[in-house]
Peer 1: 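Next up is a structure, given as structure tokens.
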Amino acid sequence: MDVKEYIASGILELYVAGQLSGEENLKVAEYAEMYPEIQQEIEEIEASILALSKTLSPKSSMQFDDIKQRIASDGTSKVVKLPNRKVNWLWYVGWAASLILAVGAAYLYLQNEELKSEIKVVKDQRIDFEKQIEEAQNSLAESESLLETLRDRNIKVVPLGGQEVSPASYAKVYWNKEQQKVFIDAQGLPEPPEGMVYQVWSLTLNPLTPTSVGLLEDFISDENRIFALENPNYSEAFGITLEPAGGSASPNLEQLYALGTVSG
């Protein structure tokens, strides 16, 4: 250790003035025990401060200007200039860097979560789109199959006209006798009230005998409003009535919405 350089650093003046930390004070005291020159310098600094304190004692009646002159003329007095404490900029830079790092990490986390959310939305949209394509393809296939069925030469078309309860209503029955099936085009019927359902009847006219063919269920949710039903009956006419949910054993003629006879 270079004792002279250590003494010239000004740390001993700070030590005497009480401006060092506890750890620094212990280090100076340790060096003072190891090096007599350091101990001597500490004692000289203390003596100089003590002498200066006595010179500026309030017991003296001298004016401030006179005191300054005496200090200036006293060659034995040693003025101790305490250096300014150095700002530890490295600590501030480290703190700022930590803050920036934390903010950056939080920003990246939020960006990552937002990206995950966007990816999920895009994935869900793709699944929905694929489902729509599949449903459209199935619907197209069903439509083509239905058209092919309705265009069969064995199909008999029976138009049904609106009746007293609903004159504007209409429907069509596509009857395939060989397959014993009927396709009901109910696009011209109004939506049934809640708790009610349309019921299709096969009729013989002499005597008038109604036989239930089936119900037009899920009427509101079916956009095409075309329903396929089994009809093994001998039919001379078809009628559609509005009945309570689940259907009725016999038609309510007061709620007869559409009626039509089989020609030929």
Side-chain angles (χ1 to χ4, degrees), residues 1-3 5-34 38 42 45 80-149 183-198 215-228 242 244-246:
M1 175 180 177
D2 191 336
V3 176
E5 183 178 349
Y6 186 75
I7 292 173
S9 67
I11 193 170
L12 299 181
E13 286 82 352
L14 295 174
Y15 172 75
V16 174
Q19 297 296 311
L20 298 180
S21 65
E23 184 178 351
E24 291 172 330
N25 284 332
L26 292 175
K27 200 67 176 178
V28 172
E30 182 182 344
Y31 285 154
E33 291 181 3
M34 295 174 59
I38 294 177
I42 293 173
I45 294 171
V80 180
K81 185 177 181 181
L82 301 179
N84 294 328
R85 295 294 300 274
K86 293 183 178 179
V87 178
N88 192 348
W89 291 106
L90 185 60
W91 184 87
Y92 287 103
V93 171
W95 180 85
S98 299
L99 179 61
I100 293 173
L101 182 61
V103 172
Y107 175 76
L108 289 177
Y109 173 79
L110 293 176
Q111 289 291 101
N112 186 48
E113 290 300 310
E114 184 178 350
L115 182 59
K116 286 182 180 178
S117 178
E118 291 178 354
I119 290 174
K120 185 178 183 304
V121 170
V122 172
K123 185 177 180 180
D124 291 343
Q125 290 177 344
R126 180 177 59 81
I127 293 174
D128 289 342
F129 184 63
E130 290 176 350
K131 185 177 180 181
Q132 290 175 6
I133 291 176
E134 183 180 358
E135 290 177 350
Q137 290 174 341
N138 292 337
S139 178
L140 179 61
E142 291 175 0
S143 298
E144 291 176 348
S145 175
L146 180 60
L147 284 174
E148 184 177 351
T149 300
F183 296 88
I184 311 299
D185 181 358
Q187 193 68 44
L189 296 178
E191 293 184 359
E194 185 175 356
M196 304 295 285
V197 64
Y198 286 114
L215 305 177
L216 305 186
E217 296 181 304
D218 301 323
F219 187 90
I220 296 176
S221 61
D222 192 328
E223 294 181 358
N224 293 325
R225 304 280 169 87
I226 296 180
F227 304 86
L242 187 64

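Keep in mind it's a predicted model, so treat the numbers as computed, not measured.
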Peer 1: Are the side chains of Pro192 and Leu216 in contact, using a 4.5 Å heavy-atom criterion?
Peer 2: no
Peer 1: Do you know the tightest heavy-atom contact between Phe219 and Pro190?
Peer 2: CE2-O, 3.8 Å
Peer 1: What residue pairs, at least two apart or across chains, pass salt bridge (Lys or Arg N to Asp or Glu O under 4.0 Å) with a residue in residues 112-122?
Peer 2: Glu113-Lys116, Lys120-Asp124
Peer 1: Within this structure, what is the CG-OG distance for the pair Asp2 and Ser9, rounded to the nearest 0.5 Å?
Peer 2: 10.5 Å
Peer 1: Is the shortest side-chain heavy-atom distance between Leu12 and Ile38 below 4.5 Å?
Peer 2: yes
Peer 1: Does Leu189 form a side-chain contact (heavy atoms from CB on, under 4.5 Å) with Tyr198? I'd like the steps, not just the answer.
Peer 2: CA-CA 9 Å; Leu189 296 178; Tyr198 286 114; 4.0 Å; yes
Peer 1: Do you know the tightest heavy-atom contact between Pro193 and Leu242?
Peer 2: CD-CD2, 3.8 Å
Peer 1: Identify each donor-acceptor pair in which a side-chain atom of residues 26-34 lies under 3.5 Å from a protein atom, sequence neighbours left out, and give them as a table.
Peer 2:
none

Peer 1: Within a reach of under 6.0 Å around CD of Glu5, are more than 12 heavy atoms found that belong to other residues, nucleotides or ligands?
Peer 2: no
Peer 1: Show me the pairs that pass salt bridge (Lys or Arg N to Asp or Glu O under 4.0 Å) and involve residues 216-225, at least two apart or across chains.
Peer 2: Glu191-Arg225
Peer 1: Run the numbers on Tyr6 and Ile11 for side-chain contact (heavy atoms from CB on, under 4.5 Å), then give the verdict.
Peer 2: CA-CA 8 Å; Tyr6 186 75; Ile11 193 170; 3.7 Å; yes
